[in-house]
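Below you'll find the structure, written out as structure tokens, and then a few comments.
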Amino acid sequence: MPRDTSKPHPRARHSHALVVFAHPEPQSFNGTLKDTAVTTLKEQGYAVEVSDLYGEGFDPAERPAHYPERTDRQVFEPLAEQRRAYEQESLPPEVQREIDRLERANLVVFQFPLWWHAQPAILKGWMDRVFVNGGLYTSSMRYNRGYFRGRRSLVSVTTGGPAETFAHNGRGGDIELLLWPLHYSLHYMGFTVLPAFRAHGIHGNGYAYQDAAGFRAHLEDTRQAWAARLRRLETAQPLRFADWDDWDESGRLKPGIKGYDYFIRAQP
Ligand SMILES: Cc1cc2nc3c(=O)[nH]c(=O)nc-3n(C[C@H](O)[C@H](O)[C@H](O)COP(=O)(O)O)c2cc1C
């Protein structure tokens with residue numbers, strides 16, 4: 001049975017964070033930012049867990065092999081198999097482990113590099129498999145009525161391109177738009193979505209920086225800005241998205257509602 005999302009989750013503690021880490025190299029700058037998040041959040045009194053997707057060998061591909069007891073052996077229907085496995089408490093163990101981690105957390109941080117204008121495939125696949133249909137979302141348990149209502153999520157992304165190229169007219173693409181599908185998916189799951197932390201120009205020497213010392217200083221400044229951001233979480237204004245109050249019966253914005261972003265908007 002889906003949980004009653006009008007009440008806080010019984011297992012959620014106020015100061016429990018999960019850091020979902022999606023980079024194959026612990027010694028990367030993403031690894032440094034992940035370590036900074038763990039240290040800083042612990043200093044702030046959080047209990048912190050890490051889902052190290054590469055390190056733990058998370059399989060991002062949803063597929064029949066994950067469901068030995070199939071509802072339909074002829075045709076693999078991911079939504080149906082997820083629902084059945086949730087109801088019968090036979091989810092794949094690594095999916096159940098991730099859900100257990102999410103349920104303990106009231107803050108979920110995602111640390112990853114921008115790869116092809118989006119999150120790495122391993123993180124997309126984590127969403128495909130862990131946000132279980134029929135369990136963590138249903139047609140009535142979505143958006144502001146979502147499973148994770150009352151909990152916060154925070155994306156921390158690194159990009160190779162410098163900050164200017166991610167402006168609304170930059171060649172990297174407007175970063176707010178690039179992150180929208182991920183942010184909106186978190187909103188769909190009920191999370192309060194805090195504005196992303198963006199580390200730009202993380203691309204090795206000689207790209208945006210003249211010398212190695214200058215680049216190292218940029219990395220350290222960025223790391224410190226991330227730590228400072230994590231210390232100010234309580235005052236962060238969440239992103240605003242359309243939700244049930246804004247849509248009419250057909251699922252379109254009600255007359256007079258302009259929308260809150262470029263993806264769901266009234267006719268200009
Ligand atoms: C497969 C792949 C795709 C990438 N795509 C982008 C991109 O679309 N935009 C961008 O600015 N950087 C892109 N990059 C650069 C990474 O964002 C950059 O290497 C990373 O943020 C550096 O962090 P790290 O040192 O922790 O790996 C890409 C890198 C890889 C490996």
Side-chain angles (χ1 to χ4, degrees), residues 17-42 48-62 107-129 153-186 193-230 239 261-263:
L18 173 65
V19 180
V20 180
F21 176 54
H23 194 292
E25 174 53 64
Q27 297 180 71
S28 62
F29 189 59
N30 271 266
T32 300
L33 294 184
K34 179 262 292 172
D35 293 342
T36 300
V38 171
T39 310
T40 310
L41 289 170
K42 281 185 178 168
V48 185
E49 290 185 81
V50 176
S51 284
D52 180 355
L53 302 189
Y54 282 96
E56 294 175 328
F58 186 83
D59 178 356
E62 183 61 300
L107 169 69
V108 183
V109 176
F110 295 90
Q111 179 64 58
F112 61 88
L114 195 72
W115 281 4
W116 289 113
H117 316 107
Q119 70 272 49
I122 201 167
L123 177 54
K124 174 60 168 56
W126 179 91
M127 295 163 66
D128 295 345
R129 294 189 60 207
S153 66
L154 172 60
V155 162
S156 171
V157 59
T158 68
T159 73
E164 299 76 23
T165 64
F166 291 94
H168 66 99
N169 55 357
R171 66 170 187 268
D174 183 335
I175 192 78
E176 298 299 340
L177 302 189
L178 298 182
L179 293 177
W180 190 89
L182 170 56
H183 280 154
Y184 194 63
S185 301
L186 295 169
V193 184
L194 301 179
F197 177 78
R198 289 139 37 174
H200 295 294
I202 312 299
H203 208 74
N205 298 323
Y207 180 64
Y209 302 93
Q210 297 300 315
D211 60 84
F215 183 61
R216 278 200 302 276
H218 170 62
L219 294 185
E220 180 52 18
D221 288 351
T222 305
R223 195 191 68 75
Q224 288 188 23
W226 175 222
R229 180 67 192 283
L230 289 165
L239 301 180
D261 50 58
Y262 283 107
F263 282 84

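Whatever order the structure lists ligands and atoms in, that order sets their numbers, starting from 1. Computed from heavy atoms alone, side chains included, the values below leave out hydrogens, waters and symmetry copies.
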Exercise. Side chain to side chain contact (heavy atoms under 4.5 Å, CB included) with Q111: which of V20, V157, N30?
Worked result: N30
Exercise. Does any N/O atom on T158 come nearer than 3.5 Å to any N/O atom on ligand 1?
Worked result: yes
For this session: Consider every N or O of G161 and every N or O of ligand 1, then say whether any pair is closer than 3.5 Å.
Result: yes
Exercise. Has Y262 got more than 12 heavy atoms of other residues, nucleotides or ligands less than 6.0 Å from its OH?
Worked result: no
Exercise. Between L154 and L230, is any pair of side-chain heavy atoms under 4.5 Å apart?
Worked result: yes
Quick check for you: to the nearest 0.5 Å, what is the distance between [X] atom [atom1] and [Y] atom [atom2]?
X	Y	atom1	atom2	answer
M127	I122	CE	CD1	14.0 Å
L114	H200	CG	NE2	9.0 Å
S28	F21	OG	CZ	4.5 Å

Nearest protein heavy-atom contact for [atom]: which residue, which atom, what distance?
atom	result
atom 8 (O) of ligand 1	H117 N, 2.9 Å
atom 12 (N) of ligand 1	G160 N, 3.2 Å
atom 29 (C) of ligand 1	W115 CD1, 3.5 Å
atom 17 (O) of ligand 1	L114 O, 2.8 Å
atom 25 (O) of ligand 1	F29 N, 3.8 Å
atom 5 (N) of ligand 1	W116 N, 2.8 Å

For this session: Quick one: look at F166 and ligand 1, take heavy-atom pairs under 4.0 Å, and tell me if it's side chain, backbone, both or neither.
Result: side chain
For this session: Could you tell me whether H23 approaches ligand 1 through its side chain, its backbone, both or neither, with non-hydrogen atoms closer than 4.0 Å?
Result: side chain
For [X], the ligand 1 atoms whose distance to one of its heavy atoms is below 4.0 Å:
X	answer
P113	20 (C), 21 (O)
N30	23 (O), 24 (P), 26 (O)
I202	18 (C), 19 (O), 20 (C), 21 (O), 22 (C), 23 (O)
S28	26 (O)

Exercise. Would you say the ring centroid of W126 lies under 6.0 angstrom from that of F110?
Worked result: yes
Problem set entry | H23-F112 aromatic ring centre distance below 6.0 Å | no
Exercise. Looking only at non-hydrogen atoms, which of H203, R171, K34, E25 approaches atom 15 (C) of ligand 1 most closely?
Worked result: H203
Problem set entry | F58 six-ring face occupied by R129 cation (under 6.0 Å, within 45°) | yes
For this session: Walk me through it: do R198 and E176 pass the test salt bridge (Lys or Arg N to Asp or Glu O under 4.0 Å)?
Result: CA-CA 10 Å; R198 289 139 37 174; E176 298 299 340; 2.8 Å; yes
